[in-house]
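Below you'll find the structure, written out as structure tokens, and then a few comments.
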Amino acid sequence: MRVLARSLAPAMVLTLAGTGIAQARAGDDGAHWLRAWGYAVPPGESDGRDALTYDEDLVPAGARIQVVQRVTGDAMTVELEVRGVLPGHTFGAHVHESPCGDDPADSGPHYQNVPGEDPGAANPRNEVWLDFTADSQGRGTALSRQAWVFRPGEANSLVLHEHATGDHGVAGGRVACLTVAFTD
């Protein structure tokens with residue numbers, strides 16, 4: 001992790017930048033967890049450890065994105081916590097197949113438990129949907145419980161979208177991305 005100095009209005013604020021990842025395994029039952037977080041920076045300023053913001057009006061530089069995944073047997077929960085996003089705004093959020101990149105499309109499509117071209121395959125039982133509305137301080141949380149786990153190496157990022165998820169998983173443009181090597 002590194003420390004960056006960022007100027008916000010007349011004040012100077014120190015912000016930790018970079019992604020932190022911690023993983024622990026407990027017991028013989030296979031239960032384990034993963035936590036990943038990052039502070040948003042514009043794509044051209046990333047060193048590969050940061051979250052990326054593609055829309056600084058919705059996700060300003062310095063906003064924090066954190067994901068916690070808990071796996072127990074053949075089930076999991078994925079939790080999202082954000083800080084510093086546009087207050088009062090409703091975001092869509094989904095797990096995507098590929099890591100983040102300078103182009104918002106680099107993260108690929110939504111991860112699906114049962115992949116399918118049928119628009120009906122895009123639903124909260126087959127994908128991880130984490131929509132939230134930021135409070136007056138720009139904080140938001142969401143939780144998704146699934147009766148399945150990710151296939152190894154096929155879930156690699158968490159993407160914030162410009163609005164809540166609608167029909168067939170559509171949530172508008174990609175406004176931020178955090179690369180996460182989700183566990184199976």
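For the numbers below, each heavy atom of this structure counts, side chains included, while hydrogens, waters and symmetry mates do not.
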- Query: Quick one: does V71's side chain get under 4.5 Å of D184's, heavy atoms only?
  - Reply: no

- Task: Specify the closest pair of heavy atoms between L178 and G38, including all atoms of both residues, with the distance to one decimal.
- Result: CD1-N, 3.8 Å

- Message: Minimum heavy-atom separation for A176 and I65, please, with both atom names.
- Response: CB-CD1, 4.0 Å

- Applying side-chain hydrogen bond (donor to acceptor under 3.5 Å, both in side chains) to Q66 and not counting sequence neighbours gives R35, R64

- Is there side-chain contact between D57 and L86, with at least one heavy-atom pair below 4.5 Å? no

- Using modelled atom types only, decide if a donor and an acceptor are shared between the side chain of Q112 and the backbone of E127 within a distance under 3.5 Å. no

- Partner residues of T77 under the side-chain contact (heavy atoms from CB on, under 4.5 Å) criterion, sequence neighbours left out: R70, L143, R145

- Query: Is it the case that one hydrophobic cluster holds both V159 and V82, taking links as side-chain heavy atoms less than 4.5 Å apart, direct or via other members?
  - Reply: no

- Task: Search all heavy atoms of G84 against all heavy atoms of A63 and return the closest pair with its distance.
- Result: O-CB, 3.8 Å

- Task: Verify the cluster assignment for V95 and W129: are they in a single hydrophobic cluster under the rule of side-chain heavy atoms below 4.5 Å apart?
- Result: no

- Do L130 and F91 come close enough that some side-chain heavy atom pair is under 4.5 Å? no

- When rounded to the nearest 0.5 Å, the distance separating OG of S46 from CG of D102 is 7.5 Å

- Donor-acceptor pair between D131 and T165 side chains, under 3.5 angstrom: yes

- Are side-chain heavy atoms of V68 and L34 found at a separation under 4.5 Å? no

- D135 side chain to Q137 backbone, donor-acceptor under 3.5 Å: yes

- Message: Please give me the minimum heavy-atom distance between T141 and F132, naming the atom from each residue.
- Response: O-CB, 3.5 Å

- Task: Please report the C-alpha distance between V175 and V85 in whole Å, then the side-chain angles of each, then the deciding distance to 0.1 Å, and finally whether the side chain to side chain contact (heavy atoms under 4.5 Å, CB included) criterion is met.
- Result: CA-CA 11 Å; V175 298; V85 299; over 6 Å; no

- Query: Ignoring hydrogens and geometry, is there a side-chain-to-backbone donor-acceptor pair from N126 to N123 under 3.5 Å?
  - Reply: no

- Does anything in residues 68-180 pair up under disulfide bond (SG atoms under 2.5 Å apart), and if so which pairs, sequence neighbours excluded? C100-C177

- Task: Give the minimum heavy-atom separation between E162 and H89, together with the two atoms involved.
- Result: O-NE2, 2.6 Å

- Message: Tell me if a side-chain donor or acceptor on T53 pairs with a main-chain N or O of P60 at a distance below 3.5 Å.
- Response: no

- Which pairs, with at least one residue in residues 112-121 and sequence neighbours excluded, count as a salt bridge (Lys or Arg N to Asp or Glu O under 4.0 Å)? none

- So T90 and H163, side chain to side chain contact (heavy atoms under 4.5 Å, CB included) or not? Walk me through it. CA-CA 6 Å; T90 299; H163 54 76; over 6 Å; no

- Partners of E56 by side-chain hydrogen bond (donor to acceptor under 3.5 Å, both in side chains), sequence neighbours excluded? none

- Atom pair OG/NE2 of S107 and H94 - distance to nearest 0.5 Å: 11.5 Å

- Message: To check you understand the geometry: which heavy-atom pair defines the closest contact between G101 and Y54, and what is its length?
- Response: O-OH, 2.6 Å

- Query: How far apart are the C-alpha atoms of S157 and V180, what are their side-chain angles, what is the distance that settles it, and do they pass the side chain to side chain contact (heavy atoms under 4.5 Å, CB included) test?
  - Reply: CA-CA 5 Å; S157 62; V180 180; 5.9 Å; no

- Query: Can you tell me if R151 uses its side chain to pair, donor with acceptor, with the backbone of N113 under 3.5 Å?
  - Reply: yes

- Note on the structure: Interatomic distance, OG@S98 vs CG@N156, rounded to 0.5 Å, equals 6.5 Å

- Query: Are side-chain N/O atoms of H32 and T183 paired as donor and acceptor at under 3.5 Å?
  - Reply: yes

- When the ring centroid of H96 is compared with that of H161, is the distance short of 6.0 Å? yes

- Given the rule in the side chain to side chain contact (heavy atoms under 4.5 Å, CB included) test, do V128 and M76 qualify, once you have shown the distances and angles that lead to the verdict? CA-CA 10 Å; V128 175; M76 70 176 171; 4.2 Å; yes

- Message: Could you work out, with ring pair (Phe, Tyr, Trp, His ring centres under 6.0 Å) as the rule, every residue matching F150, not counting sequence neighbours?
- Response: Y111, W148, F182

- So, do E154 and E97 sit near enough that their side-chain heavy atoms are less than 4.5 Å apart? no

